[in-house]
Amino acid sequence: MELIVISAPDTVPDEAQIINRLFGAGLQRFHLRKPGWDLDQCTNLITRIDQAYHHAVVCHQHHGLAKVFEMHYLHYPEKDRIKSDQLKLNIQLKEGYRLSTSIHDVSDTSSLKHFEYTFLSPVFNSISKPGYQSMLPAGFCLDSNKSGPKIIALGGVDVSNLTLLKKMNFDGAAVLGAIWQDPKQAVSNFISIKKQTEQLNP
């Protein structure tokens, strides 16, 4: 199972230092999702992330930063993907970018030919958004022979439900609240989740 960390939507004290420590602890991919931030705020945060990790930072907004910081990935939130230009996506793929997106209905995967992976949410009741309930029926399980992009579980994911995600045939887990709800514990929580994820990989 892959493990992805998504940023808190708002400002976190010492955020860049924590992100650097997450990468130092083995984080492979970090999604920068700051829907209320302008270009300068995002640029300032990325500048304070160690340059060695820039390739693994994925911007949800301000895609022009990918070229500036030599990032390898671009993320399209669902509303942006729906109105995206297919020609533009093709060009970005030819330029070498790897694309991801977000869905809330698993049947949408059939229309995601440009995308390497997608977040499906909310899989469990959200940790960071009170009242944001799981939308999956009891006993939900992805087809183990599914085609299309990898499907990464998002929403309410923490160390306690990784084994269940594996049984549900998810390709990976994205964590947000489990990391940022208590920033002082962000790195230790990440290490616990990472260890559990590694134990689930064959």
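In this text, all values refer to a predicted model and were calculated from it rather than measured experimentally.
- In this structure, H114 has its ring center at least 6.0 angstrom away from the ring center of Y76.
- For Q41, there are no side-chain hydrogen bond (donor to acceptor under 3.5 Å, both in side chains) partners, not counting sequence neighbours.
- Within the structure, ring pair (Phe, Tyr, Trp, His ring centres under 6.0 Å) contacts touching residues 23-50 (residues at least two apart or in different chains) are F23-Y53, H31-H60, H31-H75, H31-Y117, H31-F119.
- For D182, the side-chain hydrogen bond (donor to acceptor under 3.5 Å, both in side chains) criterion is met by no residue, not counting sequence neighbours.
- Remark: P137 pairs with F140 by the side chain to side chain contact (heavy atoms under 4.5 Å, CB included) rule, at least two apart or across chains.
- With sequence neighbours left out, D108 forms a side-chain hydrogen bond (donor to acceptor under 3.5 Å, both in side chains) with no residue at all.
- Annotation: side chain to side chain contact (heavy atoms under 4.5 Å, CB included) contacts of A186 (sequence neighbours excluded): I18, I179.
- By the side chain to side chain contact (heavy atoms under 4.5 Å, CB included) test, E116 pairs with Y73, R98, sequence neighbours left out.
- Here R21 pairs with V187 under the side chain to side chain contact (heavy atoms under 4.5 Å, CB included) rule; sequence neighbours left out.
- Judged as a salt bridge (charged side-chain N to carboxylate O under 4.0 Å, His left out), and not counting sequence neighbours, K166 has no contacts.
- Scored by the side-chain hydrogen bond (donor to acceptor under 3.5 Å, both in side chains) test, S121 finds no partners at all (sequence neighbours excluded).
- Here I82 sits alone; no ILVMFWY side chain lies under 4.5 Å from its own, so it joins no hydrophobic cluster.
- With sequence neighbours excluded, the residues that form a salt bridge (charged side-chain N to carboxylate O under 4.0 Å, His left out) with R29 are E2.
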